[in-house]
Amino acid sequence: MTIFAEIKVYNTLSRSLEEFKPLYGKRVFMFVCGPTVYDYSHLGHARTYVFYDTLARFLRRAGYSVFYLQNITDVDDKIVNRAKEEGKHPLELAREFEQHYYEDMKVLNITSVNLYARASDYLPEIFEQIEGLLRNRYAYVTETGVYFDITAFSDYGKLSGQKPEELRVHRIEPDLTKRNPGDFALWRARPRDEFGWKSPWGYGRPGWHIEDTAITLKHFGKQYDIHGGAIELSFPHHEAEIAQAESFTGVKPFVRYWVHTGLLTVEGEKMSKSLGNFVTIRDALERYDANVLRIFLLSRHYRSPIDFRWDLVDQAKNNFDRIVNSYNNLLEMDITDEASEGELKLIKKIGELKENFFNSMKDDINTAQALADLFEMMKLVNAYADGHGLITEGGKLSLASTYNDLLNILGLRIKGGTDISMLNNLITILIGIRSLLRKRREYELADEIRARLRETGVEIQDTPQGTKWRIEELSEEESRSL
RNA sequence: GCCGGGUUGGCCGAGCGGUUCAGGCAGCGGGCUGCAGACCCGUAGACGGGGGUUCGAAUCCCUCACCCGGCUCCA
């Protein structure tokens, strides 16, 4: 793939597909809204984070140097309330779930984040920003806190297409001290006995939107490339971020590409804690491999909603099996010295499909199409292995590296394989004995060996080229308990 | 009420004006097999309803229906 490929992304701000051009050459600054750490994360969160991980992987593969920053919201009413219930300090509870979050991310092979930033570590920056907004008269102080005056920022609503004057439907009781019901809190006054900080505007806690702009202003500066998050956050959260940052710095646009993922739903309704229709990441990982979950989540375009059902994850399991099988078919091919015409053709065709894969990814990160390209590729390799069965060392290496390359972009990992020497020898012995038994038509014993091996996770396959074996992909639960 | 998104074959899901209507799962027929599995070859089947534009529409326009998200903490 050409370095600095012409990647197109859908920008919520312009409501159109745009060519991606970072501000500073090959350097990309990307921020994604992270979790509020008061409970375990569920598959809805996984959907978003798997996508941005894949985006970061792809950008890096395309030659960009990506600084991927994510916040950890550890200051929040939900954390305070949950901590009170459990008799813990809010930050103690937050640290616990922050750890659980990292564990989940690690198992999901989400490794592309460069820095996680906790809200509680950015109080000085938050203060500085609030002071600046007050100084420039974008904010005002009341007895309940400090609020951003949305009428002072004429661009308010540009991201979500909302008109401030039409935002009349409010489902919460308006705070009467605010000038406008749409004004949002920068600082919220809280009782002394609650978790909080002293500030120039009294004791309390920061508003929800301010931590993200404080964090990105510190690490990225006044302007950066990509801001990600789920579509539910576009209003009011991201709108408020724009208002804060652009009013504070005077630089527009604060973010050049606003990228939003679609929601994960369950029977058509958003998966969420409050609806109680959620499946935690760890529960899902007890039933399925992380690779399977990634495939399930990447099977649909990132902006479309995904409706969750276990049987669909099951389908993804079959998809992943197909990938593993094809990879093994490739590795198990016998070596020849001279490349046949068929092999040359295959290599050429695979090269074209690899190009297709990259084109799919360049086209607004169309992972569903990219997976289809991958499957087409594997079908060709399977057919070749089935028909010819012979390949040069170089050809095998080239194909295997293509597989690894593409799988890595999608964050998929193939474990097992047939190169574990000790096991290899033992299993080879057993299979040799079984082959003898089969020749003698002692199938009962032969099947017994096959069944017992399967119980321990070794799959046997009798083929015209002889008996092959592989270690079954273990679920995360199984591999953890090893 | 306002803003945004969606409705593709049994299931999932690309495609967004015209090459054979991607790809996967599940079917069906065959191959390879002692059996099984994997794999291969072949096969079928769709664009929510109604109008319109066009030589040609799943793709553009209008309209109707249904579904979802945001306007409240939320990935």
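Chain A is the first sequence line, chain B the second, and so forth, proteins listed ahead of strands; every chain is numbered from 1. The shown structure was predicted, so the numbers you read here are calculated from the model rather than taken from an experiment.
Defined by atom type and a distance below 3.5 Å, a donor-acceptor pair is present between the side-chain atoms of A:Glu241 and A:His237. Side chains of A:Asp76 and A:Thr36: a donor-acceptor N/O pair is absent below 3.5 angstrom, by distance only. For A:Tyr302 and A:Asp364, the side-chain atoms include at least one donor-acceptor pair closer than 3.5 Å.
Using a cutoff of 4.0 Å between basic side-chain nitrogens and carboxylate oxygens, A:Arg454 and A:Glu459 are scored as salt-bridged.
Within the 4.0 angstrom heavy-atom criterion, base atoms lie near A:Glu232. A:Thr36 comes within 4.0 angstrom of the backbone, heavy atoms only, and of no base. In this structure, A:Tyr49 reaches the sugar-phosphate backbone alone: every heavy-atom distance under 4.0 Å involves primed, P, OP1 or OP2 atoms, never a base. Residue contacts for A:Thr261: at a heavy-atom cut-off of 4.0 Å it reaches no nucleic acid atom on any strand shown. Backbone-only contact: A:Gly34 has heavy atoms under 4.0 Å from sugar-phosphate atoms and none from a base. Nucleic acid contact for A:Lys379: sugar-phosphate only, since backbone atoms but no base atoms lie under 4.0 Å from a heavy atom of the residue. Counting any heavy atom pair closer than 4.0 Å across all strands shown, A:Gly44 reaches a base atom.
A:Asn382 has its CG atom 4 Å from the P atom of B:rC40, to the nearest Å. Taking atom NZ on A:Lys163 and atom C1' on B:rC3, their separation rounds to 9 Å, with Å as the unit. Put simply, CD1 on A:Ile365 is 20 Å from P on B:rG13, counting in whole angstrom units. In this structure, A:Arg47 places its CZ atom 10 Å from P of B:rG13, rounding to the nearest Å. If you measure from atom CZ of A:Phe375 to atom C1' of B:rG23, you get 8 Å, rounded to the nearest angstrom. Taking atom CG of residue A:Leu275 and atom C1' of nucleotide B:rG70, one finds them 14 Å apart after rounding to whole Å. A:Lys270 places its NZ atom 11 Å from the P atom of B:rC73, with the value rounded to the nearest Å. The distance from atom CG of A:Asp364 to atom C1' of B:rA14 is 13 Å, rounded to the nearest whole Å.
Side-chain rings of A:Tyr224 and A:Phe254 approach one another, their centers coming within less than 6.0 Å. The distance between the ring centers of A:Tyr102 and A:Tyr116 falls below 6.0 angstrom. In this structure, A:Tyr49 has its ring center closer than 6.0 angstrom to the ring center of A:Tyr101. Close placement of the A:Tyr122 and A:His219 rings is indicated, their centers lying within 6.0 Å of each other.
Between the CD atom of A:Glu269 and the CG atom of A:Leu264 there is a distance of 13.0 Å, given to the nearest 0.5 Å.
When the C1' atom is compared between B:rC62 and B:rU54, the two are found 16 Å apart, to the nearest whole Å. The gap from the C1' atom of B:rA44 to that of B:rU20 amounts to 15 Å, rounded to the nearest Å. The P atoms of B:rA75 and B:rG70 are separated by 12 Å, rounded to the nearest whole Å. B:rG9 and B:rG4 are spaced 29 Å apart, taking the C1' atom of each and rounding to whole Å. Taking atom P on both B:rA38 and B:rC25, the two are 10 Å apart, rounded to the nearest angstrom. For the C1' atoms, the distance from B:rU33 to B:rU43 is 23 Å, rounded to whole Å. Straight-line distance between the P atoms of B:rC60 and B:rC16: roughly 10 Å, to the nearest whole Å. With both ends at atom P, the span from B:rC68 to B:rC73 equals 22 Å, rounded to whole Å.
In this structure, the nucleotide among B:rC40, B:rA14, B:rA38 sitting nearest to the side chain of A:Gln461 is B:rA38. Closest to the side chain of A:Ile231, from the set B:rG23, B:rA75, B:rG69, is B:rG69. Comparing atom distances between the A:Ala372 side chain and each of B:rG70, B:rA75, B:rG23 picks out B:rG23 as nearest. Comparing B:rG69, B:rC73, B:rC12 by their closest approach to the side chain of A:Leu312 singles out B:rC12.
As the counterpart of B:rC28, B:rG42 is assigned, both hydrogen-bonding distances of the Watson-Crick or G-U wobble pattern falling under 3.5 Å. Across all strands shown, B:rA58 forms no Watson-Crick or G-U wobble pair with both key distances under 3.5 Å. Across the strands present, B:rC66 finds its partner in B:rG6; the criterion is a Watson-Crick or G-U wobble pair with both atom distances under 3.5 angstrom.
Listed by residue number, the members of residues 292-308 of chain A with any heavy atom below 4.0 angstrom from RNA chain B are A:Ser299, A:Arg300, A:His301.
For A:Thr265, no side-chain nitrogen or oxygen approaches OP1 or OP2 of B:rG69 to under 4.0 Å. For B:rA38, neither phosphate oxygen OP1 nor OP2 lies less than 4.0 angstrom from any side-chain nitrogen or oxygen of A:Asn325.
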Original post:
For every nucleotide of nucleotides 26-35 of chain B, 5' to 3': is a protein heavy atom under 4.0 Å from its base (B), only from its sugar-phosphate (S), or from neither (-)?
Top reply: ------S-BB
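A donor-acceptor pair is defined here as one N or O able to donate and one able to accept, closer than 3.5 Å; no such pair exists between the side chain of A:Arg413 and the backbone of A:Leu407. Between the A:Arg434 side chain and the A:Ala446 main chain, a donor and an acceptor come within less than 3.5 Å of each other.
In this structure, A:Leu371 and A:Tyr384 both approach RNA chain B, and ranking their closest nucleotides by distance from the 5' end singles out A:Leu371. Residue whose closest nucleotide on RNA chain B sits further toward the 5' end, between A:Asn366 and A:Cys33: A:Asn366.
Contacts classified as salt bridge (charged side-chain N to carboxylate O under 4.0 Å, His left out) and involving residues 259-268 of chain A (residues at least two apart or in different chains) are not found.
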